[in-house]
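A short write-up of the structure that comes next.
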There are 2 protein chains.
Amino acid sequence: MTAPKLADIAKRAEVSIAAVSIALNNRDTKRVSEAKRNEIRKIAEELNYVPNEVAKALSERRTRLLGLVVPFRDPILNHFIAQVLSGIQVTLMRRGYSLLLYSPTGKSGGSTRDQVLERRFTDGLIFVDTGSSSTRDLAERIQQLEAAKIKFVMINTYSHRASVNSVGVDDSAMGEAAAHYLVQRKHRRIAFLSSSGMLPTHLHLLQGLRRGVIAHGLDLPAEHIGCSENNEETTFRILDRWLASKRTAPTAIFCADDQLLMHLYGYVEARGMRLPEDVAVIGRGDASFNSLLRPRPTAFYLPTFEMGELGAGMLIDLIEKPEQKPQRVLLPFKLHAGDTA
Amino acid sequence: MTAPKLADIAKRAEVSIAAVSIALNNRDTKRVSEAKRNEIRKIAEELNYVPNEVAKALSERRTRLLGLVVPFRDPILNHFIAQVLSGIQVTLMRRGYSLLLYSPTGKSGGSTRDQVLERRFTDGLIFVDTGSSSTRDLAERIQQLEAAKIKFVMINTYSHRASVNSVGVDDSAMGEAAAHYLVQRKHRRIAFLSSSGMLPTHLHLLQGLRRGVIAHGLDLPAEHIGCSENNEETTFRILDRWLASKRTAPTAIFCADDQLLMHLYGYVEARGMRLPEDVAVIGRGDASFNSLLRPRPTAFYLPTFEMGELGAGMLIDLIEKPEQKPQRVLLPFKLHAGDTA
DNA sequence: ATGAAAGCGCTAACAC
DNA sequence: GTGTTAGCGCTTTCAT
């Protein structure tokens, strides 16, 4: 037998379909007499009625589904995403939404078509920036989304566009904080290790770090800025070069993300070095990941869970309240003192 | 302006709505003349037409959406889930499905109503057992799902019901393999640490472990079976008790999951002990998590990614091919030699 | 208070 | 080949 629908209930209760719909959706309503309401509910219960959400969505023109666009690549990234995800889920459950997962197939950017197709089923989209899109990519994507009138929020991104809902951290302030911390610890030669020079995050961190060291009368020479391009070998090469000469080697490294930090740990292990004796390290990433490493990294913990929680809430506000203004939120971060710096 | 629909295209192309639908959905069809097809496609392109998937779903009575039912709790669990998730996504992308995420609100079990409501939007459900449901809970849930005629697959579970699609590992064989490995390494007193004695996984592991040690003429005394109940303090108490007397202390511990392993590492650190000198440890869990720990754990790696990949495929087969028989798949596992046993 | 009827946007069966 | 039509299951006016 096929699933019961409103019509089935209506027939058994000898009322109209409309009456059933109303009785089932509004707890206390004057539109249907109490006797009928109870009768209808009883029958619905007996029939094990479950509303067809697709039909409801078509009729209401909204699905209460949010899409999360995020690539699943390497385990570390997955770990980061999982944290954001659990934050998102908390908000969604509270506000009665569910989450649809999209993993973009192609490379960064993707075609307009792809982006727009992702409107499929959802009332809005959440983008999590995993540090793979350049400023240009981002700008392009934003433009496409706005052209298609899709509501969205970006997580872990800083966007200059004021019209864009986004939540992230103040990377520039973080870079500066790193500089202060390290200089206070008597470090004079500080290096910056990131994945790619094109990323907004890279630029902001670097800007802050530079501001910080300069404030202390030091400088950040170009040769102490390294980009791994997400490649472990490249990371090893950079570190070998940096640490070759005792005299010029940086005494501390600011490591822009978790993957790099892992490469760095791998390097230290491979070369038989020790942290922080041979070089101090300060990281930036997810707390639950960092807490697994030994020695415990001194690191900025990104508020991954909170970013998800807040970002999802902002998107829902945008969807439900047409007058809602987009906002850019920068969450506070904190430095967790470990044993590496 | 509102989103263009088939009717808009039909009007501009001066054809019927049906013709547009057909022309857009079938690359080469005789139903619509080539000239019209091209004209229609051109107009669709110009209008930036995107099909309304909700309407399509209502009409076709399927959404190509799969639901993943999984709790987001602690970071380690999230990590595990993220791995399964990325496996699932690979299959779904290949087969044109998307994933809907459900995080059950209540405690284990949940009401029938909840389970059934999860039919919302999806063609089928994927359950990931995170080691929180007892055999009884599972049986009950299965019965409800079958009563509601919901297609589903269970991941990381062993179910006795032959009618249930499931993918997992042979925990009993794993327990036995652990015994052999440890005994060969000259261990005579082996302990088993798991989270709860009620879990199917616990029972299978234990059964295999026992079979293994007995085969070597040893035994597995009740006092060397410990259940943490997911509580770090309890874990510490158990370990304190076990390791109190040099004479009777187990020389090796088989640790049933990643969370326990982390507690164990925490314990060792807290007590100033060393692995494997003070006690050998063999774990069971996700590879990418285990690879982060130092010393590197000797552990069985669960095929998390593969479980997701395969489980999703099984569910889609079940949905698309009515004659498909349910199957229980046990994936191979392998022991990864680390430094702790 | 109640029911009839018009959609929501698309697919598919059927007639021409 | 092409268009007409009848749903898919629900919400929501709008009469009554």
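The model shown is predicted, which means the values in this text are computed figures rather than measured ones. Lettering of chains follows the sequences in order, A, B, ..., and the numbering in each one begins at 1.
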Going by side chain to side chain contact (heavy atoms under 4.5 Å, CB included), Val167(B) matches just one of Glu306(B), Met154(B), Met307(B). Which one?
Met307(B)

What's the CD-C1' distance between Glu39(A) and dA1(C), to the nearest Å?
16 Å

note: Ile9(A), atom CD1; dG9(D), atom C1'; distance rounded to Å ~ 12 Å

Might you list the N or O atoms of the protein lying below 3.5 Å from N or O atoms in nucleotides 14-16 of chain C, with each pair's distance?
residue	atom	partner	partner atom	Å
dC14(C)	N4	Arg31(B)	NH2	3.3

Check whether any side-chain N or O of Asn156(B) sits under 3.5 Å from a backbone N or O of Gly168(B) as a donor-acceptor pair, and report yes or no.
no

Which pairs pass salt bridge (Lys or Arg N to Asp or Glu O under 4.0 Å) with one or both residues in residues 13-24 of chain B, sequence neighbours excluded?
none

Examine dT4(D): is either OP1 or OP2 under 4.0 Å from a nitrogen or oxygen in the side chain of Ser16(B)? Give yes or no.
no

Suppose we screen for side-chain contact (heavy atoms from CB on, under 4.5 Å). Which residues come up paired with Leu47(B), at least two apart in sequence or across chains?
Pro4(B), Asp8(B), Ile9(B), Arg12(B), Ile43(B)

Lys11(A) atom NZ is separated from dG3(C) atom P, nearest whole Å, by 15 Å

For Tyr102(B) and Gly67(B) the tightest heavy-atom approach is CE1-CA, 4.0 Å

Who are the salt bridge (Lys or Arg N to Asp or Glu O under 4.0 Å) partners of Glu309(B), not counting sequence neighbours?
none

Contacts of type salt bridge (Lys or Arg N to Asp or Glu O under 4.0 Å), residue Glu39(A), not counting sequence neighbours
Lys42(A)

Which residues pass the salt bridge (Lys or Arg N to Asp or Glu O under 4.0 Å) test with Glu146(A), sequence neighbours left out?
Arg161(A)

In whole angstroms, the gap separating C1' of dC10(C) from CZ of Phe121(A) amounts to 12 Å

Please report how far the helix from dA1(C)-dT16(D) to dC16(C)-dG1(D) bends, comparing the axis fitted to its first five pairs with the axis fitted to its last five, to the nearest 10 degrees.
50°

Scan Val54(B) against the nucleic acid and name what it touches under 4.0 Å (heavy atoms): base, sugar-phosphate only, or nothing.
nothing

Can you tabulate the close N/O pairs, meaning under 3.5 Å, that link protein atoms to atoms of nucleotides 5-8 of chain C?
residue	atom	partner	partner atom	Å
dG7(C)	N2	Ser59(A)	OG	3.4

Salt bridge (Lys or Arg N to Asp or Glu O under 4.0 Å) partners of Glu60(A), counting only residues at least two apart
Arg62(A)

Output side-chain donor-acceptor pairs under 3.5 Å for residues 313-322 of chain B, partner residues at least two apart or in another chain, one line each.
residue	atom	partner	partner atom	Å
Asp317(B)	OD1	Arg95(B)	NH1	3.1
Asp317(B)	OD1	Arg95(B)	NH2	3.0
Asp317(B)	OD1	Lys321(B)	NZ	3.4
Glu320(B)	OE1	Arg95(B)	NH2	3.3
Glu320(B)	OE2	Tyr97(B)	OH	2.9

Which listed nucleotide (dC10(D), dG3(D), dC10(C)) is nearest to the side chain of Leu6(A)?
dC10(D)

Residue set satisfying side-chain hydrogen bond (donor to acceptor under 3.5 Å, both in side chains) with Thr201(A), at least two apart, ordered chain then number -> none

Atom CZ of Arg62(B) to atom P of dG9(D): distance rounded to whole Å?
15 Å

When the distance from CG of Leu24(A) to C1' of dC10(D) is rounded to whole Å, what number comes out?
12 Å

side-chain contact (heavy atoms from CB on, under 4.5 Å) filter on Ser86(B), not counting sequence neighbours, yields Phe72(A), Asn78(A), Phe305(B)

Tell me: CD1 of Ile22(A) to P of dC14(D), nearest whole Å?
14 Å

For Val32(B) and for Lys56(A), locate the closest nucleotide of DNA chain D by heavy-atom distance; then report the residue assigned to the nucleotide nearer the 5' terminus.
Val32(B)

Between dT11(C), dG1(D), dG3(D), spot the one nearest the side chain of Ser33(B), thanks.
dG1(D)

Respond yes when some side-chain nitrogen or oxygen of Tyr49(B) is under 4.0 Å from OP1 or OP2 of dG9(C), and no when none is.
no

In whole angstrom, what separates Ile40(A)'s CD1 from dA1(C)'s P?
14 Å

